[in-house]
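The sequence lines fix the lettering, A, B, ..., with proteins before strands; numbering per chain opens at 1.
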Protein chains: 2
Amino acid sequence: MVLYKFKDDTEVSNAPVSMSQLAKLQRDILTGKFRPGEKLTEQALCEQYGVSRTPIREALRQLEADGLVENILNRGAFVIGMSQQDYEDMFELRKAYEIQAVRWAIQRITDEEMERLEETFEFMEFYTMRNDIDKMLVINAGFHQVIYEASHNRMLQRLLSSYQTFLKYRDSGMVYESDYLTTVLEEHRAIFKAFIDRDEKAGAEAMERHINRAKERRCG
Amino acid sequence: MVLYKFKDDTEVSNAPVSMSQLAKLQRDILTGKFRPGEKLTEQALCEQYGVSRTPIREALRQLEADGLVENILNRGAFVIGMSQQDYEDMFELRKAYEIQAVRWAIQRITDEEMERLEETFEFMEFYTMRNDIDKMLVINAGFHQVIYEASHNRMLQRLLSSYQTFLKYRDSGMVYESDYLTTVLEEHRAIFKAFIDRDEKAGAEAMERHINRAKERRCG
DNA sequence: GATTGTATTTCTGTATACAATTATAGGGGC
DNA sequence: GCCCCTATAATTGTATACAGAAATACAATC
């Protein structure tokens with residue numbers, strides 16, 4: 001049963017979705033299946049994921065670009081560890097770009113994107129009422145994604161999307177406060193309102209509060 | 001003749017440096033040898049760079065991560081174009097991270113890094129007096145690089161370094177004002193002074209001014 | 001002449017083979 | 001026992017071969 005369909009055909013549903021080898025490897029690193037510092041031997045990965053070395057090597061190159069592994073010449077790929085400090089820093093870096101994204105998005109958003117943002121926000125209200133955390137996590141990501149697109153800047157979209165991937169797995173193991181959904185909804189409402197009012201400053205401030213609180217919720 | 005040697009063995013000299021296939025391809029895209037939208041056929045690249053498809057494909061994956069090409073499944077790699085807007089946006093994105101880098105660097109810099117920063121700044125003074133623009137471009141990059149390292153955050157280092165690569169080729173064709181070097185030196189001096197004073201706020205402000213002026217110089 | 005379906009060619013995606021480098025294990029010297 | 005050297009094994013880097021998808025060319029049809 002498809003409940004909500006994003007522009008890119010990502011769906012909010014419970015159906016298992018087939019993943020690329022890259023995505024699987026990414027997931028397994030982010031969920032801690034491989035330990036920080038651990039060497040990723042290509043042959044071993046081939047057997048684990050059932051593909052040959054070529055696609056594995058290309059995946060490792062992309063993971064290096066995402067900062068998840070380090071490729072050392074003639075020595076191979078090693079999993080990069082994230083300290084608590086690294087993780088907190090990540091929120092600061094993300095915050096700077098999320099704020100910039102909101103600013104540009106409010107300047108540059110198209111009517112079609114505004115409709116998608118509104119639609120997505122309405123789904124957030126619906127699933128908050130239903131208290132459905134799993135679906136909310138997906139819609140949350142979608143809400144931010146619409147903003148990234150509305151910023152009309154590829155670089156920003158790429159970077160912020162990769163932060164989302166990072167958070168997706170980190171969040172999956174989280175325990176949530178009882179008022180989590182309603183709190184987040186209000187934070188998003190403030191951001192959405194800034195779009196309606198075309199108020200760049202209010203949008204930036206609402207986003208800053210949102211990320212600061214997200215940091216507290218997840219790091220605090 | 002080696003004039004200045006960075007920690008990573010990058011040298012300020014006129015000696016030709018051998019480049020990896022990736023670096024060559026990166027250079028050729030950034031210098032406009034391939035036009036935006038142009039399809040990069042693997043076989044053609046193999047013949048041009050004298051290597052087989054495997055390393056070419058891996059290079060294309062990395063270039064995609066850097067935002068220089070777009071890989072479409074079963075259709076190949078296409079060069080991404082940068083509009084004037086994209087280019088101006090890039091300065092804003094870089095500014096946000098350069099400011100964060102300075103803040104963290106002032107908090108976290110080690111004695112060894114502080115010595116390197118001082119040494120680098122002294123070389124900047126020397127080459128400014130000599131009015132040697134080519135060497136200054138390299139030292140400039142080195143000055144920022146020391147700050148990135150002193151931020152002690154891998155993600156930030158990676159991103160800002162890739163911006164530097166971007167700028168390196170863009171700058172190479174630039175025409176400079178006569179007071180370019182002395183102006184830039186004073187901007188860097190303000191940043192360096194903030195490190196000595198351990199004044200985070202002053203450092204952030206000095207860096208913001210520096211990037212704003214760099215944007216004016218290059219986009220204005 | 002334009003259009004559509006099909007055959008051919010070209011190109012990408014993946015697997016495998018080979019070369020070069022690095023890691024490992026064992027033996028000799030001190 | 002410790003260190004160093006060498007031989008071997010393991011692993012990465014590169015080239016090539018093959019399978020499948022996409023683009024192209026062309027002929028048949030309207």
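- Look at CG on B/N71: it is 10 Å from C1' on C/dT12, rounded to the nearest Å.
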Go through B/R217 and B/E187 one step at a time and tell me if the salt bridge (charged side-chain N to carboxylate O under 4.0 Å, His left out) criterion holds. CA-CA 13 Å; B/R217 279 193 290 267; B/E187 289 168 22; 3.1 Å; yes
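- Remark: B/K39, B/L40, B/T41, B/E42 in residues 36-48 of chain B come within less than 4.0 Å of DNA chain C through at least one heavy atom.
- Atom CZ of B/R61 is separated from atom P of C/dT14 by 8 Å (rounded to the nearest Å).
- Evaluation of the ring-ring contact (aromatic ring centres under 6.0 Å, His included) rule for A/Y49 yields no partner, not counting sequence neighbours.
- Distances shown here put a side-chain N or O of A/S52 below 4.0 Å from the OP1 or OP2 atom of C/dA15.
- In this entry the distance linking CZ of A/F78 with C1' of D/dT12 reads 11 Å, nearest Å.
- Salt-bridge annotation for B/E92 and B/K95: present, with a side-chain N of the basic residue lying under 4.0 Å from a carboxylate O of the acidic one.
- By the ring-ring contact (aromatic ring centres under 6.0 Å, His included) test, B/F126 is found to be paired with no residue, residues two or more places apart in sequence or in another chain being considered.
- Rounded to whole angstrom, the span from the OH atom of A/Y49 across to the P atom of C/dT14 amounts to 16 Å.
- The existence of a salt bridge linking A/R116 and A/D111 is excluded, since no basic side-chain nitrogen approaches an acidic carboxylate oxygen closer than 4.0 Å.
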Per-nucleotide protein contact string for nucleotides 18-24 of chain C, where B marks a base within reach and S marks sugar-phosphate only (heavy atoms under 4.0 Å, - for neither): ---SSS-
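- Ring pair B/F143/B/H188: centre-to-centre distance below 6.0 Å.
- In this view, A/Y180 and A/Y176 satisfy the ring-ring contact (aromatic ring centres under 6.0 Å, His included) rule, not counting sequence neighbours.
- Evaluation of the salt bridge (charged side-chain N to carboxylate O under 4.0 Å, His left out) test over residues 69-86 of chain A, restricted to residues two or more places apart or in two chains, returns A/D86-B/R154.
- As a whole-Å value, the separation of B/E58 CD from D/dA15 P is 11 Å.
- Taking atom CD1 on A/I56 and atom C1' on D/dG13, their separation rounds to 16 Å, with Å as the unit.
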